[in-house]
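Whatever order the structure lists them in is the order used to number ligands and atoms, beginning at 1.
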Amino acid sequence: VQNVGILAMELYFPSQYVDQVDLEKFDEVGTGKYTIGLGQSKMGFCSDREDINSICMTALHRLIEKNNINLHDIGRLEVGTETIIDKSKSVKTFLMTLFAKEGATDIEGIDSTNACYGGTAALFNSINWVESSSWDGRKAIVVAGDIAVYGKGPARPTGGAGAVAMLIGPDAPLVFDCGVRASYMTHAYDFYKPDLASEFPYVDGKLSIKCYLSALDNCYNLFCKKMRKDNPDFKGLLSLDGMLFHSPYCKLVQKSLGRVCFNDFLNASSADREKQFPGLSQFNNHKREETYFDRDVEKAFMIYSEKLFNEKTKPSLHVAKNVGNMYTPSLYGGLVSYLVSKSPDQLIGKKFALFSYGSGLASTMYSISICKDMSAGSKLERLINSLNNTIAMLDKRQCVEPQVFSDLMDVRTKNYHTAPYEPSGSIDVLFPGTYYLVRIDEQRRRTYERK
Ligand code: ACO
């Protein structure tokens, strides 16, 4: 099989959001802290009407409908999520209700979990399956979804929610490059969820930033090394048309692109440094490990990389800025944003890198090439048209006051383990086609309807 990758894609984000300007006032923090300091504009959230099963099902069902997918043509279904409700029971098994109805039950794959990385793990499993001897000619679907909520405090404005569904198979318009995935995995307590009685994580904000940036250093350098095996002229960022990142908040992504340039600077010969990085020689002896919170390095390389950021990364941040950190779908919301920012002509033949990070920690940098052949071209056009319709829904959302948002969060928190339970969140506010929770019974079994 050739050109294995993403054939079709669908993104779901909640129909309600809170404005970060309003939230700054409500939280009584300095004006500009969330909007300029974190680079965020709006934060999507779910009431108690939605949970991880429902949002994943909403994305999956939309993908199937919009692309007329025959359920018997799917041989693998995988989920990436860190939003846990039934512990031993996967979200995938709930999604099977859609398939089992049609008698389609011969479907491999199950959930993958490690913070924001699970979606990427699920995606790699599906790509690998299509490329393997186990493949039976059918396609795979990957669903990544999360409801990202934090307790009151500085992390709360970095929440979000959403789900992405992706159809995987051969002859795709978005092809995964072979042999260049570069991973960095190690142990860290930067963000984890040890309190099973709560929906909120334990998070060491500063440590999580350091872990994210050091994972980026490691993945980027290894990725470049692997790329150079095939192409000795590969120049990292300069040889790529785009670089996309997992986005906890947009400011961290902008800092990350500066960090990539700092790595290029450190890796350059002294002659190249003079040419490519004029005026930055005061950083000649700086070390990667000692500069994660070095303001001078950060500022100098953010200024240096501004044009590269605007060209190669900023177009990928539209969803992140307007929905927030969706956790596992975050990077794929970046992919959607990047694709809709261009026309198919502008995308043909382009190559871009993606950096996936999940606290704890697991991370990979990999690359996607946009297929040049004509049949893939028409699939690409269909994909972009469909995603344009989805993105237009960002403007159809309802803005709610921070007090209403805070009250809805309190309802979620208070009832996180209540059973039996009937949710009180509005059904009217949901987009048509959204799945919602009707009831949790005494045995904590959940029932859903579709609007
Ligand atoms: N106007 C403009 N900018 C401001 C203002 C203001 N009035 N006030 C503060 N800022 C800036 C700060 O200078 C800082 O930016 P800088 O670092 O570029 O200087 C930024 O706003 C954030 O403010 P801080 O005081 O540094 O941070 P805070 O303690 O509020 O927490 C944090 C921020 C750590 C990101 C927190 O929101 C958090 O813990 N989030 C969850 C963890 C996270 O997302 N980690 C990232 C990787 S792991 C993952 O994906 C979950």
Check: every ligand 1 N/O to protein N/O pair under 3.5 Å:
| from | atom 1 | to | atom 2 | distance (Å) |
| --- | --- | --- | --- | --- |
| ligand 1 | 1 (N) | T31 | O | 3.4 |
| ligand 1 | 7 (N) | T31 | O | 3.0 |
| ligand 1 | 17 (O) | K255 | NZ | 2.9 |
| ligand 1 | 18 (O) | K255 | NZ | 2.7 |
| ligand 1 | 19 (O) | R295 | NH1 | 2.7 |
| ligand 1 | 19 (O) | R295 | NH2 | 3.2 |
| ligand 1 | 26 (O) | K206 | NZ | 3.4 |
| ligand 1 | 30 (O) | K33 | NZ | 2.5 |
| ligand 1 | 37 (O) | P154 | O | 2.9 |
| ligand 1 | 40 (N) | T158 | OG1 | 3.3 |
| ligand 1 | 45 (N) | S208 | OG | 2.8 |
| ligand 1 | 50 (O) | H246 | NE2 | 3.0 |

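Taking the ring centre of Y12 as origin, the terminal cationic atom of R62 falls outside the region bounded by 6.0 Å and 45° from the ring axis.
For L240, the side-chain contact (heavy atoms from CB on, under 4.5 Å) partners two or more places apart in sequence, or in a different chain, are F223, F234, M243, K351, A353. Partners of I303 under the side-chain contact (heavy atoms from CB on, under 4.5 Å) rule, at least two apart in sequence or in another chain, are K299.
In the displayed structure, E65 atom CD is contacted under 6.0 Å by more than 12 heavy atoms of other residues, nucleotides or ligands.
Evaluation of the salt bridge (Lys or Arg N to Asp or Glu O under 4.0 Å) test over residues 208-221, restricted to residues two or more places apart or in two chains, returns D217-R259.
Between R288 and E290 no salt bridge is recorded (no basic side-chain N to carboxylate O distance below 4.0 Å).
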